[in-house]
Amino acid sequence: MFRSVAYRSAAYRSGGYCSIVPPYLLRRLAAQQEPGFSGAAEAAQKALLHVKSFQAARAELTLLAVPAARGLKPGAPERTIYDARSLEQLPGSLVRNEGKPPSGDPAADEAYDGLGHTHRLYADAFGRDSIDGKGLPLEATVHYGKRYDNAFWDGRQMVFGDGDGVVFERFTKSLSVIGHELAHGVTQFSGGLNYRNQAGALNESLSDVFGALVEQYAKQQSTAEASWLIGEGLFTDQVQGAALRSMKAPGTAYDDDVLGKDPQPDSMDSYVRTSADNGGVHINSGIPNRAFCLVATALGGNAWDAPAQIWYDTLTGGTLAPNATFGAFAKATVASAKELFGADSKEHDAVRSAWETVKVKL
Amino acid sequence: MKIIVQRSGGVAGMKRTWTVRPEPPEDTDRWQPLIEACPWDDVAGPGEATGQPDRFMYSIRADQRRAVLPERELTGPWRDLVECARAAAEEAGPAEIG
């Protein structure tokens, strides 16, 4: 099983964190060293065991949840970053907490800054005090597992892997991914969406929408300036791809000899039916993702203004059923746009037109 | 004998598949105890198990038997079987994607 050690270590170094080798050379190296990808895949397998009960954590926290108190001034964030030191135990040892200077560990400092940017978007754009609307302290663990190829919200905190170094870099590198994970918390505290089929794809899409908004707000990018990419910077230079997903053009984020092509559909015409990935929640999310981007593009300006207000109102308004379909969600956004901006306002028109373009029936 | 492990989900949403075809009799004798150790009848069938946001989902097949497990339930004999299958498949070549 260790036959590919030489390939693996070479590929790992060439895809590493402080590479000075030009990208075109790395791509050539990658082409010669495809077995290195098997090392990458193997790396991910080290990080499988995490037996903490998400369901239990979720049930406990949901009881504490209250709707966001709009109009009240949100408090300052209360962040704590832990280091799992390559183990799979949470939370790990304390690295940095609120108000402390940078630790010098890029993953810990990126997580700290990312939690701050996320807290700021919810406070400034929606008057929401943290993930639960009640000032929930924000906790994150970095260096989870050995070369673990993932990041997730476990029901009460964020968890980030370092990536295998061959396909993925460390997951804190992307602010949209940090925002994506925390948005799963916001959805959970807003009543939740079942993590399966269309409701699951809506859950995923809301995380992409608010993840993208966190990044756009931090960079002060208008809709026209923004990349609308999720997970930009996570792939090593060996991968032919810009990001995990494109909200603007679903299905175009990557096209790699080894990883294959981005499988996201951009309208209901190409909706993917699959039993994998909880019914394709990371695949069909491309459809509502594009709808949001179309609304933002039609309205111009900054996406955290009217477009985000409509989506946030839909998520937190209390009318969204946990098993909502794309059609039910679309209708709810149209109702929110009408309520917030008036019937036949440009916002109301933009929302109706966006769902029509992605062929979700209203 | 044929063992197929498919991992889907994760924040990246990329599907990976590892396939092992042990040669009888030596290899199949080695794999049989790993397969028999798993509680195949005690897990949810396809379409029944639901994972947590951005965690991996595993679909495991050994000939006619099949199980679908969320990442947090991949423990004990399941984890042993999956890790051995991945290691063996990767020794044979790069992981299939998609």
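None of the values given here were measured: they were computed from a predicted structure. Throughout, a chain's letter reflects where its sequence line sits, starting with A, and its residues are numbered from 1.
- Put simply, the side chain of A:Asp154 does not reach to within 4.5 Å of the side chain of B:Arg72, judged on heavy atoms.
- Distance check: B:Met57 CE to A:Ser275 OG gives 9.0 Å after rounding to the nearest 0.5 Å.
- For the atom pair OH (A:Tyr148) and CZ (B:Phe56), the distance works out to 5.0 Å, reported to the nearest 0.5 Å.
- Looking at B:Val11 and A:Arg245, their side chains come closer than 4.5 Å, going by heavy atoms from C-beta outward.
- Taking every heavy atom of both residues into account, B:Ala12 and A:Leu244 meet most closely at CB-CD2, 3.7 Å.
- No side-chain heavy atom of A:Tyr195 sits under 4.5 Å from any side-chain heavy atom of B:Arg55.
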Discussion item. Show, in sequence, the C-alpha distance, side-chain angles and deciding distance for B:Lys15 and A:Asp277, and conclude whether the side chain to side chain contact (heavy atoms under 4.5 Å, CB included) test is met.
Written reply: CA-CA 8 Å; B:Lys15 196 158 74 180; A:Asp277 186 28; over 6 Å; no
Worksheet item: Should A:Trp153 and B:Asp54 be marked as a side chain to side chain contact (heavy atoms under 4.5 Å, CB included) after you check the CA-CA gap, both sets of side-chain angles, and the distance that decides it?
Response: CA-CA 8 Å; A:Trp153 161 261; B:Asp54 293 336; over 6 Å; no
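- Using a 4.5 Å cut-off on side-chain heavy atoms (C-beta onward), A:Asp149 and B:Met14 make no contact.
- Only the side chain of A:Glu204 has a heavy atom closer than 4.5 Å to any heavy atom of chain B.
- Summarising the local packing, CZ of B:Arg65 is surrounded by more than 12 heavy atoms from other residues, nucleotides or ligands at distances under 6.0 Å.
- Ion pairing between a basic and an acidic side chain is recognised when a charged N comes within 4.0 Å of a carboxylate O; A:Glu88 and B:Arg79 show such pairing.
- No more than 12 heavy atoms of other residues, nucleotides or ligands sit less than 6.0 Å from atom CG of B:Asp41.
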